[in-house]
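Heads up: the structure comes next, in structure tokens.
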There are 2 protein chains.
Amino acid sequence: MIDKTLSEREQIREAGLKVTHPRMRILRLLEESEQIHLSAEEVYRILIETNEEIGLATVYRVLTQFEQSGILKRHNFETGHSVFELDRGEHHDHLLCIKCGAVEEFHDEQIESLQYKVSEAHNFKTIDHSLTIYGHCKSCQV
Amino acid sequence: MIDKTLSEREQIREAGLKVTHPRMRILRLLEESEQIHLSAEEVYRILIETNEEIGLATVYRVLTQFEQSGILKRHNFETGHSVFELDRGEHHDHLLCIKCGAVEEFHDEQIESLQYKVSEAHNFKTIDHSLTIYGHCKSCQV
DNA sequence: TACGCAAACGATAACGATTATCAATTGTTT
DNA sequence: AAACAATTGATAATCGTTATCGTTTGCGTA
């Protein structure tokens, strides 16, 4: 069994960052939250509400650092603000309910390879791609 | 041959909007620009530079109205601001060069139908979807 | 274990994109 | 042409995010 605390320290270290309280708090929150996607404001609000000391600027800074070091993935849906989720290595796309905001993840190897083909056909060197399907989830359909 | 001016008037009328100078100027610009995607600021700047009177607030308002009435499509890439293009009815996706900003469009029926399948499998009722491939275009590769 | 210093923090100012406000102007309908 | 609601545009306000900068802290070293 892996010591979670240790692994968090290591992740931060491997990112070339000092292990500080704010960073530990933020990473722990992301790992323990049931919500997959968290915005900076949400991370800040949740930590403040649980009486963890943190500054909003730090939250933004740390989330960006975590993103750059591959700990987190940033998503820009059509909401006007970024949301973050742990990057567990497995690429996936999203189904987003525009009524209740629910997010589901999916991965379709066929779509992936077709995208790659398209990219090649246009002489593009793919670095990343994002596919989001907007609609109504089961519980939001009339 | 269709009278372009007339068709612009009609488009605006059909959207349930009064035919005003700012609306005509904006629609005409979108139709005549070689650039497919224009941001609100760009539309404003271009009109001001060509000595057309317009206010920035009006540009934002009109672009949103045009989007809501189906005249325009809004895209939110990872740039931090929206861009707009004429909605010619044919859905397409985008290849975006993260170096020079170039945008290419593509349409792949196979990907479309696979997306639909995924959506069904998750009991989602698809309303819209966006697929963007980020990478380096031919001229930006080393 | 204490020291020193770069790295990191956090309060707050600044920023860029967008929206709200509201008095003045303009399209359309009569 | 009058009437009146819709529209405009200058500007203030808002929102998410980034920059500033004096203070604090992690951590390698003595």
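Computed from heavy atoms alone, side chains included, the values below leave out hydrogens, waters and symmetry copies. A, B, ... follow the sequence lines: proteins, then strands. Residue 1 opens every chain.
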Could you check how far [atom1] of [X] sits from [atom2] of [N], rounded to whole Å?
X	N	atom1	atom2	answer
F77(B)	dA17(C)	CZ	P	16 Å
L63(B)	dT18(C)	CG	P	10 Å
I12(B)	dG27(C)	CD1	C1'	12 Å
I48(A)	dA11(C)	CD1	P	8 Å
F84(A)	dT17(D)	CZ	C1'	10 Å
E41(A)	dT18(D)	CD	P	12 Å
M24(A)	dT25(D)	CE	C1'	15 Å
E78(B)	dA17(C)	CD	P	16 Å

[X] side chain to [Y] backbone, donor-acceptor under 3.5 Å:
X	Y	answer
R25(B)	E53(B)	yes
E49(A)	I46(A)	no
Q141(B)	H136(B)	yes

Which of these, H94(B), Q115(B), H92(B), sits in a side-chain contact (heavy atoms from CB on, under 4.5 Å) with L131(B)?
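Per the side-chain contact (heavy atoms from CB on, under 4.5 Å) rule, the option paired with L131(B) is Q115(B), out of H94(B), Q115(B), H92(B).
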Does Y60(B) have a side-chain nitrogen or oxygen under 4.0 Å from the phosphate oxygens OP1 or OP2 of dT19(C)?
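No, outside the criterion.
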OP1 or OP2 of dG16(D) under 4.0 Å from side-chain N/O of S39(A)
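Answer no for this pair, as no side-chain N or O of S39(A) is under 4.0 Å from OP1 or OP2.
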Contact pattern, 5' to 3', of nucleotides 6-12 of chain D - B, S or - by protein heavy atom under 4.0 Å:
SSBBBB-
Set of side-chain contact (heavy atoms from CB on, under 4.5 Å) partners for S82(A), sequence neighbours left out:
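Here the qualifying residues are R74(A), N76(A), F84(A).
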Pick from H75(A), Q35(A), K73(A): which one makes a side chain to side chain donor-acceptor pair (under 3.5 Å) with E85(A)?
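Answer after filtering H75(A), Q35(A), K73(A): H75(A).
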